[in-house]
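Okay, structure first, notes after.
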Amino acid sequence: MFFYKPKTIYMASMYETIMNFPLFKGVSAQQVSDFLEKTNVQFINFKDGDTIIEENEECSHVKFIVVGNARTFMQNYNKTLTISELRVAGTVFSPEYLYGMETRYPYKAIAVGPVSIMQFRKDEYMSLLQRNKIYLINYLNYLSLHSQRPIQSLRLINNGEFKEILAQWLIAMTTNESINIRIMGNLETISKATNIELSKLNEELERLRQKDILDYDENLIRIHSRRDLINLVID
């Protein structure tokens, strides 16, 4: 990886990109200019397969994907089950871990193709929140959205079907913008984790495959659409 500063000829498009980041919504071009001037912003390039974030790494910076995609891998403690998602350009890496009791990333993130990341230190972000209410409101909205996810997840409980459990996992552990979500672990492990008999699990997976919600094999479930799966359960 290496660091770079954007060239002047690219600044207009860079401003537009930053203004579309979730924590910068409603910020003007002048405010972005002030932010870049007063903040030690780093732009970092990664090659395909490079590690962007290590699991349990301290969340010391606010990190956005400027260009490219990154795949995250979140595992259970005994590493028998992994939920993986593709995070796209414009998304931010879990700023809810900047403060509080737990300040380490719960997942690993690797570059999928060339990736550019914009980052700045959390003490600089705190200064930004104190200087401008727009940034503060955006951060509060972000935290509120994520604090409400457990309730959204619990409300999906109905018949104990696997699609409900799967939707709960997606709400709790993946982002709204993520695509190409994968559940990695053999079906026997998933059967034990969900307390659903293996034969019943296979039947439910096959029904979901026929609805074009997902595809699967013995060790991997590929979610075609996060939204479609969640809506299927809600409806």
Side-chain angles (χ1 to χ4, degrees), residues 22 46-55 65 67-94 105-115 117 145-146 149-150 152-235:
F46 295 87
K47 301 186 300 295
D48 181 50
D50 284 351
T51 298
I52 299 172
I53 295 171
E54 290 283 5
E55 184 179 357
I65 303 176
V67 177
N69 301 315
R71 179 163 289 282
T72 62
F73 300 85
M74 185 183 297
Q75 297 180 309
N76 59 352
Y77 284 123
N78 62 7
K79 302 187 184 305
T80 59
L81 192 62
T82 301
I83 295 181
S84 175
E85 60 181 320
L86 196 67
R87 300 199 179 193
V88 299
T91 57
V92 59
F93 286 106
S94 304
Y105 289 105
Y107 53 76
K108 180 176 183 177
I110 64 169
V112 178
V115 176
I117 299 293
L145 171 66
H146 285 73
R149 283 183 170 182
Q152 292 177 307
S153 175
L154 286 173
R155 292 179 69 187
L156 296 179
I157 296 175
N158 187 20
N159 298 319
E161 297 178 351
F162 180 64
K163 66 180 181 182
E164 297 170 6
I165 296 173
L166 196 53
Q168 288 180 286
W169 289 354
L170 297 190
I171 288 176
M173 291 180 278
T174 66
T175 63
N176 294 342
E177 303 81 12
S178 294
I179 59 175
N180 198 2
I181 299 171
R182 302 172 182 174
I183 312 298
M184 305 160 70
N186 64 59
L187 295 186
E188 185 174 352
T189 296
I190 294 175
S191 171
K192 292 177 180 178
T194 58
N195 200 31
I196 297 175
E197 292 184 2
L198 187 57
S199 59
K200 177 67 173 176
L201 177 62
N202 274 291
E203 289 175 6
E204 291 197 49
L205 284 170
E206 188 57 36
R207 283 198 294 270
L208 292 172
R209 174 154 62 185
Q210 290 174 5
K211 293 178 182 290
D212 200 31
I213 297 295
L214 55 76
D215 198 3
Y216 72 100
D217 58 34
E218 189 63 31
N219 297 296
L220 179 65
I221 299 173
R222 304 175 188 86
I223 309 298
H224 294 167
S225 169
R226 180 185 189 273
R227 179 179 297 177
D228 287 350
L229 175 58
I230 294 171
N231 287 342
L232 178 68
V233 176
I234 294 174
D235 295 342

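None of these values were measured; they are calculated from a predicted model.
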For this session: Starting at NE2 of His224, measure out to CG of Asn180 and round the result to the nearest 0.5 Å.
Result: 9.5 Å

Problem set entry | Residues which pass side chain to side chain donor-acceptor pair (under 3.5 Å) with Glu55, listed by chain and number, not counting sequence neighbours | none

Exercise. Would you call Ile117 and Phe93 a side-chain contact if the rule is heavy atoms closer than 4.5 Å?
Worked result: yes

Seminar exercise, completed: All heavy atoms of Thr72 vs all of Ala109, minimum pair found to be CG2-CB, 4.0 Å

For this session: Look only at the side chain of Asp215 and the backbone of Arg222, and say whether a donor-acceptor pair between them is shorter than 3.5 Å.
Result: no

Exercise. Does anything in residues 167-192 pair up under salt bridge (charged side-chain N to carboxylate O under 4.0 Å, His left out), and if so which pairs, sequence neighbours excluded?
Worked result: Glu188-Lys192

For this session: Mind checking side-chain contact (heavy atoms from CB on, under 4.5 Å) for Thr174 and listing every partner two or more places apart, or none if nothing turns up?
Result: Ile83, Glu85, Leu170, Ile181, Arg226

Seminar exercise, completed: Asn219 meets the side chain to side chain donor-acceptor pair (under 3.5 Å) criterion, sequence neighbours left out, with none

Exercise. Are any of the side-chain heavy atoms of Thr82 and Ile183 separated by less than 4.5 Å?
Worked result: no

Exercise. Sequence neighbours excluded, which residues qualify as side-chain contact (heavy atoms from CB on, under 4.5 Å) partners of Pro114?
Worked result: none

Residues 227-235, side-chain donor-acceptor partners within the protein, below 3.5 Å, at least two apart:
unit_1, atom_1, unit_2, atom_2, d
Asp228, OD2, Ser225, OG, 3.4
Asn231, ND2, Arg227, O, 3.3

Exercise. With sequence neighbours left out, what residues match Asn195 under side-chain contact (heavy atoms from CB on, under 4.5 Å)?
Worked result: none

For this session: Using a 4.5 Å cut-off on heavy atoms from C-beta on, say whether the side chain of Thr51 contacts that of Lys108.
Result: yes

Exercise. Is there a donor-acceptor contact under 3.5 Å from the side chain of Thr194 to the main chain of Ile190?
Worked result: yes

Problem set entry | Residue pair Pro22 / Gly90: nearest heavy atoms and the distance that separates them | CD-O, 3.1 Å

Atom pairs and distances, donor-acceptor, side-chain atoms in residues 154-161, under 3.5 Å, two or more places apart:
none

Problem set entry | Ser84 side chain reached by Met184 side chain, heavy atoms, under 4.5 Å | yes

For this session: Find out whether Ile65 and Arg87 are in side-chain contact, i.e. whether some heavy atom of one side chain is under 4.5 Å from a heavy atom of the other.
Result: yes

For this session: Could you check if a side-chain atom of Leu166 sits within less than 4.5 angstrom of a side-chain atom of Leu214, using non-hydrogen atoms only?
Result: yes

Exercise. With sequence neighbours left out, what residues match Tyr107 under ring-ring contact (aromatic ring centres under 6.0 Å, His included)?
Worked result: Tyr105

Side-chain donor-acceptor pairs under 3.5 Å in residues 197-205, sequence neighbours left out?
unit_1, atom_1, unit_2, atom_2, d
Asn202, ND2, Leu198, O, 3.0
Glu204, OE1, Phe162, N, 2.6
Glu204, OE2, Phe162, N, 3.3

Exercise. How about Leu81 and Gln75: do any of their side-chain heavy atoms sit closer than 4.5 Å?
Worked result: no

For this session: Mind checking side chain to side chain donor-acceptor pair (under 3.5 Å) for Ser191 and listing every partner two or more places apart, or none if nothing turns up?
Result: none

For this session: Determine whether Leu220 and Asn186 make a side-chain contact, defined as any pair of heavy atoms from C-beta on separated by less than 4.5 Å.
Result: no

Problem set entry | side-chain contact (heavy atoms from CB on, under 4.5 Å) involving Ala111 - partner list, sequence neighbours excluded | Phe46, Ile52, Val115

